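Heads up: the structure comes next, in structure tokens.
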Amino acid sequence: MKRLGVNIDHVATLRNARGETHPDPLFAAKLATFSGADSITIHLREDRRHINDVDAKKICSTKNFLVNLEISTDYKMIDIAIKLNPNCICLVPENRKEVTTEGGLNLKKNKNKLKNIISRFKRKKIRTSLFVNPSLKDIRISREIGTDCVEIHTGKFSNLVKSKKKFLTEFKKIAKCSKLANDLNIEAHAGHGLDFQSVKLLTKINEIKEFNIGHYLIGDSVFYSLPEVIKKFKRIINKK
Ligand code: PXP
């Protein structure tokens with residue numbers, strides 16, 4: 001069974017548009033879990049543009065679901081992440097002006113730093129993941145860094161699918177990287193920009209064990225409700 005991680009950042013985006021308390025990301029996390037989400041992903045950004053520290057604390061201290069916390073490699077953020085003690089931490093690159101996480105980490109440049117951070121998380125028994133580009137070289141470096149999982153950035157693939165352009169080359173890159181990760185004993189995850197169509201294509205890659213989906217899933221929930229959209233993604237992911 002492949003797992004669905006539901007990213008609820010944009011519930012907080014909607015809440016923050018009014019600066020009030022509704023809709024509540026913690027309630028979204030509980031409802032998503034009740035509807036079949038296998039884990040809840042939140043990204044506590046340095047600029048706190050969606051999820052804030054209070055949300056992160058409440059969500060990470062609730063024991064009814066597994067939390068995957070996305071965080072930058074800034075040392076202050078790493079200290080916060082360790083205090084939050086989530087089930088899994090996925091390290092992601094961050095850039096102030098970006099609309100969303102535009103690519104994977106620069107593993108070659110930051111190898112030693114990432115190795116240190118990953119070993120700090122492991123000492124706390126937190127499962128670790130690195131957000132990486134679909135590059136075989138980066139999967140090999142991920143092994144040297146010692147991560148438990150990699151999340152392969154599917155943004156380019158998703159955009160090609162959405163715009164009805166040729167996606168086979170990008171699909172093959174993701175497939176090869178997932179296979180290599182699996183051979184190296186690293187669990188392969190995938191995420192970014194996924195919708196029903198792109199995730200369906202990626203389910204053909206057996207080695208991908210988890211999909212993390214946010215923007216499209218929350219957006220479609222405005223029309224069809226969070227439980228229904230989650231159930232539909234789960235059916236697609238597990239080919240039912
Ligand atoms: N995975 C990671 C590591 C991300 O940074 C994001 C975006 O925050 C996602 C998955 C979800 O991407 P989307 O919101 O486009 O589904």
Side-chain angles (χ1 to χ4, degrees), residues 2-14 16 25 28-29 32 37-52 55-56 59 66-74 77 81 86-107 114 127-134 138 142 147-163 174 177-178 181 187-202 208-222 226 229-230 232-233 236-237:
K2 294 179 188 294
R3 301 189 302 270
L4 172 67
V6 172
N7 180 317
I8 57 167
D9 290 346
H10 296 302
V11 175
T13 304
L14 204 57
N16 295 353
D38 297 290
S39 56
I40 300 300
T41 294
I42 53 172
H43 183 175
L44 183 66
R45 290 183 57 97
E46 289 171 36
D47 61 15
R48 310 296 198 273
R49 73 167 70 143
H50 36 58
I51 292 292
N52 62 34
D55 297 324
I59 291 166
L66 297 174
V67 180
N68 171 37
L69 175 69
E70 293 176 2
I71 205 100
S72 79
T73 58
D74 175 85
M77 298 308 294
N87 306 90
C88 180
I89 297 178
C90 180
L91 291 169
V92 299
E94 242 181 65
N95 159 1
R96 253 335 58 74
K97 292 198 185 80
E98 68 192 353
V99 175
T100 179
T101 320
E102 284 161 359
L105 293 155
N106 185 336
L107 298 189
L114 291 168
R127 194 162 157 82
T128 59
S129 184
L130 298 172
F131 198 33
V132 300
N133 290 316
D138 281 356
S142 299
T147 186
D148 300 307
C149 316
V150 285
E151 181 167 328
I152 299 172
H153 195 297
T154 55
K156 187 173 174 191
F157 172 75
S158 301
N159 282 337
L160 291 169
V161 174
K162 260 176 236 168
S163 51
I174 297 171
C177 286
S178 309
E187 192 173 280
H189 302 167
H192 209 277
L194 294 173
D195 60 13
F196 296 127
Q197 200 189 352
S198 47
V199 86
K200 187 172 180 183
L201 291 162
L202 292 177
I208 298 179
K209 302 297 179 206
E210 179 177 303
F211 294 101
N212 281 305
I213 308 179
H215 187 267
Y216 185 86
L217 187 154
I218 300 299
D220 219 36
S221 300
V222 172
L226 189 65
V229 178
I230 289 174
K232 186 167 171 185
F233 267 114
I236 293 172
I237 286 172

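In this text, all values refer to a predicted model and were calculated from it rather than measured experimentally. Read the numbers this way: they start at 1 and go in the same order the structure lists the ligands and their atoms. Below, each value reflects all heavy atoms present in this structure, side chains not excepted, and no hydrogens, waters or symmetry copies.
Nearest heavy atom pair, residue Ser72 against residue Glu94, reads CB-OE2, 3.7 Å. When every heavy atom of Pro86 is checked against every heavy atom of Val67, the shortest pair comes out as CB-O, 3.8 Å. The heavy-atom pair separating Val229 from Phe196 by the smallest distance is CG1-CZ, 4.1 Å. Residues Val150 and Ser129 come closest through the heavy atom pair C-OG, 3.8 Å.
For the pair Val92 and ligand 1, the shortest N or O to N or O distance does not fall below 3.5 Å. The shortest N/O to N/O separation between Cys90 and ligand 1 does not fall below 3.5 Å. Looking at His215 next to ligand 1, an N or O pair under 3.5 Å apart turns up.
Short contacts between ligand 1 and Ile213, defined as distances under 4.0 Å to a heavy atom of the residue, involve ligand atoms 16 (O). Interface of Asn212 with ligand 1, defined as ligand atoms under 4.0 Å from a residue heavy atom, comprises 10 (C).
Ranking the protein heavy atoms by distance from atom 15 (O) of ligand 1 puts Gly193 N, 2.8 Å first. Atom 10 (C) of ligand 1 has Glu151 OE2, 3.2 Å as its closest protein atom, hydrogens excluded (heavy atom only). Closest protein heavy atom to atom 7 (C) of ligand 1: His192 CD2, 3.8 Å. Among all non-hydrogen protein atoms, the one lying nearest atom 2 (C) of ligand 1 is Glu70 OE2, 3.0 Å. Closest to atom 16 (O) of ligand 1, if we only count protein heavy atoms, is Gly214 N, 2.8 Å.
With hydrogens and angles disregarded, no donor-acceptor distance shorter than 3.5 Å links the side chain of Ser39 to the backbone of Leu66. Judged by distance alone, the side chain of Lys2 and the main-chain N or O of Ile208 form a donor-acceptor pair under 3.5 Å. Put simply, the side chain of Thr154 gets close to the backbone of Gly191: a donor and an acceptor are under 3.5 Å apart.
The closest approach between any non-hydrogen atom of Phe131 and ligand 1 is below 4.0 Å.
The closest side-chain donor-acceptor pair between Asn68 and Thr41 falls under 3.5 angstrom.
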